[in-house]
Amino acid sequence: MESLEGPTWLEKLEEQLDVDVDWMDPEYVKNMPIKPHDQTSNQLLVNIELHRASNADLLQQTAKELKDEGWLAVYTRIAVLMCKKNIDAISGRVLLQTLPSKAYDTQATVDHARLYDKEFARAGIGRDRYCIKILATGPALNAVKILSQEGIPTLGTAVFGLPQAIACSQAGCLYISPYYNENRAHSDLSLWPDVKDPAKEHPNSPRMIRIIETYKRLHKETGKEQPFVKLASFLSAKEAMAAAEMGCHSATISNTVLGQLAKLKYNISEQPGEGVPKPAHPYKNSGPTPARLIELSKTDPLTANWDGKLASTSIDYLANQGAELEKAIASDPIAANRLTEALKIFIGDDENGETSSRKKCEEAIAQA
Ligand SMILES: O=C(CO)[C@@H](O)[C@H](O)[C@H](O)[C@H](O)COP(=O)(O)O
C-alpha cells in the first residue's frame, strides 16, 4: 500500500532548488502547498490575468489614470499591480518581461524596464523584490548592460545555448532562464522529447550542464558573480526533478506541472538520479556535475555532427549591439529557430500575448 508518510516530489524538489511559480493567479499562488520563491510570468501569462473578470475594475481604473499616456503605460502599471497581489504569498521576487516586439531594440527595452522600475517603486515593491525578464538577443542584452549599471535587476530569458548564457553573464543578469523544451512543444506534443530519465536522456540536458559548468568555472576564475540558472519550460514533473540533479539554482514551474509534483509521493528507489540539498550559493564551493551525467557535456544531441567546441568566454558578445551574439545564434539552428518561435508566441495574436494585451488596454482607454 502506498505510504502516506514522506515528502511529495514538490517538497523534495524544494529541498534541492528554489521552486518558483510560473503563473500569476493570486488564488492559486496563495494556496500552494509550499511558499514559492519567485513568481515569474511572460506576455502569455499577463494576458490571461488581464482578461480575468476579477481584474476588470483595476484595468478600467488604470486606463482612466493613464489614458493620455498610451497602452504601454496602462499595461505596465496593471502588470505591476497584478504582481503586487502575489508579493506576500512568495518569499522572493515577482518577474515581468519587457516587450517581445522590441526584443531587437535596445532603447525601447531600456525604456520599458525603467518604466517597470518606476511602477514597482510606486507600488512599494523594491529592487530586491522584483526582476525584469529580457529576451536574450544581442540588442536586448545591451539594454541589460545599461540597466545593470543603474541597479535594475534582470533575467535573461529564452536562452537556448551557451553563447546566450555567456552574453547574459557579460551583461550582468541576476538570473537566466534557459528553456528546457521549446515553446512550440507546449501546444504540439509531437515536439516534446518525453524520455524516461530526462537528466540523462533529454536532448537539451547537455546544453544545460555546459551552461552550469561554464558559470562555475567563470565564478572560480574571475571571482565575479554569475547569473543563477532558473530553468523554465517544463512539460512534466520528472523534468523539474532533473533540473535539481543537473544543478540548477531554481526552477520556474507552471501550475499544471506544480499540480503533478504535489500529488506524487517521493521514493528514491523509483528515481533515476537525485539532486543534492541546495547549497548556500550555486557557484561558491559548488560540487561537481553528478558522475552519471558527466559525459553529457561532451555531446550535443541537438546538433548533427557537433564539433565539440565550447563557445569561448573571451569573446565580447555584446560589442557592436551584440553582433557576436547574433552571429553565434545564427550559426546554431536550434537557438535561432527556438528564439524566433518564442518571440512569435510571446508577441501573439488577437487572443494571446502582447498583441491581445495591447488590444485590451486600448479598448479600456477608449472607454475611459
Ligand atoms: O522564462 C520564464 C520565467 O523566467 C517562463 O515564464 C517562461 O517564459 C516559460 O516557462 C516558457 O516560455 C514556457 O511557457 P509557456 O509558453 O507555456 O507559457
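Residue numbers count from 1 along this sequence. When a ligand or atom number is given, it counts from 1 through the structure's own listing order. Note that this is a predicted model, so its numbers are computed, not measured.
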- Message: Can you confirm, on distance only, whether ligand 1 has an N/O atom lying under 3.5 Å from any N/O atom belonging to Thr40?
- Response: no

- Given Leu155, Asn42, Leu96, which one has a non-hydrogen atom that is nearest to atom 18 (O) of ligand 1? Asn42

- Task: Have a look at Asp22 and tell me which of Ile253, Leu258, Leu45 forms a side-chain contact (heavy atoms from CB on, under 4.5 Å) with it.
- Result: Leu45

- Message: I'd like to know if the side chain of Ser148 and the backbone of Ala171 have a donor-acceptor N/O pair within less than 3.5 Å.
- Response: yes

- Task: State yes or no: are the ring centers of Tyr215 and His219 separated by less than 6.0 Å?
- Result: no

- Any heavy atom of Thr252 sitting closer than 4.0 Å to ligand 1? yes

- Note on the structure: Checking heavy atoms under 4.0 Å, the part of Ser177 that sits near ligand 1 is side chain

- Closest to atom 17 (O) of ligand 1 among protein heavy atoms sits His186 ND1, 3.2 Å

- Is it the side chain, the backbone, both or neither of Phe234 that has a heavy atom closer than 4.0 Å to ligand 1? neither

- Item | Within 45° cone of Trp306 ring axis and under 6.0 Å: Arg210 NZ or CZ | yes

- Message: When you compare ligand 1 with Lys133, is there at least one nitrogen or oxygen pair between them that comes in under 3.5 angstrom?
- Response: yes

- Here the atoms of ligand 1 under 4.0 Å from any heavy atom belonging to Ala232 are 1 (O), 2 (C), 10 (O)

- Task: Assess whether salt bridge (charged side-chain N to carboxylate O under 4.0 Å, His left out) is satisfied between Lys298 and Glu295, documenting all intermediate values.
- Result: CA-CA 6 Å; Lys298 299 183 193 128; Glu295 290 300 312; 3.2 Å; yes

- Please verify whether a non-hydrogen atom of Phe346 lies at under 4.0 Å from ligand 1. yes

- Message: Less than 4.0 Å is my threshold; does some heavy atom of Leu95 fall inside it relative to ligand 1?
- Response: no

- Message: Angle between ring planes, Phe346 versus Tyr179, binned at 30° and 60°: parallel, tilted or perpendicular?
- Response: perpendicular

- Message: Please list, in number order, the atoms of ligand 1 under 4.0 Å from a heavy atom of Asn183.
- Response: 12 (O), 16 (O)

- Task: Go through the side-chain N and O atoms of Thr109 and Tyr104 and say whether any donor and acceptor fall under 3.5 Å apart.
- Result: no

- Message: Can you classify the ring geometry of Phe228 versus His281 as parallel (below 30°), tilted (30 to 60°) or perpendicular (above 60°)?
- Response: perpendicular

- For ligand 1, which atoms, with element, lie under 4.0 Å from some heavy atom of Leu44? 16 (O), 18 (O)

- Task: Classify the ring geometry between His202 and Tyr180 as parallel (under 30°), tilted (30 to 60°) or perpendicular (over 60°).
- Result: parallel

- By number and element, which atoms of ligand 1 are closer than 4.0 Å to a non-hydrogen atom of Thr157? 1 (O)

- Query: Going by the atom numbers of ligand 1, which of them fall below 4.0 Å from some non-hydrogen atom of Asp22?
  - Reply: 5 (C), 6 (O), 7 (C), 9 (C), 10 (O)

- Task: For ligand 1, indicate whether the residue Ser41 contacts it via side chain, backbone, both or neither (heavy-atom separation under 4.0 Å).
- Result: backbone

- Side chains of Gln39 and Asn86: donor-acceptor distance under 3.5 Å anywhere? yes

